[in-house]
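No hydrogens, no waters, no symmetry mates; every other heavy atom, side chains included, goes into these values. Every number for a ligand or one of its atoms is a count from 1 in the order of the listing. Since the model is a prediction, treat every value here as computed from it, not as a measurement.
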Amino acid sequence: MNINKVAENTCAVDAGVFGVRGFTSVYLLVGDTLALIDSGSPKSTPLILESINSLGYNPKDVTKIILSHIHFDHGSGAGELLKFMPQASVYAHYSGCKHLIDPSRLTISAKKVFGKKIEEWYGWFASVPKERIVPINDGDIIELGANYKLRVLETSGHAKHEICLYDPASGGLFVGDEAGIYFPEASAIIPASPPPDFDPDHNIETIKRLQALRPEQLFFAHYLTTKVVDETLRAYIDILSSWKKIVEGALNEGLDFDAIVNALIIHAAKVLKGIERREDLHAFIRDHHIPMCANGYIHYFKKTRQK
Ligand SMILES: [Zn+2]
């Protein structure tokens, strides 16, 4: 177990997705009742239950599982967690709800990106009964207590079904994957740009919208949290633009996929150096995450050039 108290009412539980420790956070929020932000994968369920118990709470008291988005590493475990959380409902962006009920299309699309690794990394995508889903949309308020409310922000640069959650009382902002992959050990950030929905320009617009809230603290789905908000969000805009230029230039030159991945690895050299000691994480980012990001940018250019 790897649990961090990251704010007054908030603990980060390591969901252990991809077999990499210290990379995927599920947040336990303690208000009048308990809520989770994200579920990890079905393989994360025992770890999450054990973590909640070890903090002195009962998983049966969780009433809300709020999904930042429904990619496998964040939403595929919600259906499994529900079996142990009889009072809980799953809150997700309205456009993703049909995939929670029937994850088959999402599974096909994820297999295209990750191949057989799907089973090894996640297990499967546990479906969620329709009557236990609450569709949410931009501007909705999720109540966790008398003075504890989260505002839903639709932020669809990373995925169409991505949301961020803002707590105006504390200034906390849960950014899911919308603000990239943050490495607390290196205070560094790199894109989270998977196909098929990623749109760098739209993602930059959503980051500007998040900046305008002037949040005090960012809570990342990957990984943990920072109070260095301005600098981190500005760095994210910079790297989203830089990678866009790199991939666009490479495509114009007719370079192949491996050459594009290499160019991004070179650009990320400083970040990769910062996590060198974490061998499993370093290898995952270099061998799987950056190629997936390259795919997301290439897919974006294919879509925009077809228009
Ligand atoms: Zn994602």
Enquirer: Do Glu80 and Thr45 have a side chain donor and acceptor closer than 3.5 Å?
Expert: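 Thr45 and Glu80 do not have a side-chain donor-acceptor pair below 3.5 Å.
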Enquirer: Strictly by modelled atom types, are His71 and His158 linked by a side-chain donor-acceptor pair under 3.5 Å?
Expert: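 A pair is found: one side chain offers a donor N or O, the other an acceptor, under 3.5 Å apart.
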Enquirer: Specify whether an N/O/S atom of Asp177 falls short of 2.8 Å from the Zn ion (ligand 1).
Expert: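 Yes, since at least one N, O or S atom of Asp177 sits under 2.8 Å from the Zn ion (ligand 1).
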Enquirer: Give a rough value, rounded to 10 degrees, for the angle at the Zn ion (ligand 1) between atoms NE2 of His158 and ND1 of His71.
Expert: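 Vertex the Zn ion (ligand 1), arms to NE2 of His158 and ND1 of His71: 90°.
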Enquirer: Does His74 put an N, O or S atom under 2.8 Å from the Zn ion (ligand 1)?
Expert: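 No - counting backbone and side chain alike, His74 has no N, O or S atom under 2.8 Å.
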Enquirer: So, Asp177 versus His69: side-chain donor-acceptor pair below 3.5 Å or not?
Expert: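 Looking only at side-chain atoms, His69 and Asp177 do form a donor-acceptor pair, the distance falling under 3.5 Å.
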Enquirer: Just checking, any donor-acceptor pair under 3.5 angstrom between side chains of Glu178 and Asn203?
Expert: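 The answer is yes; a qualifying pair exists.
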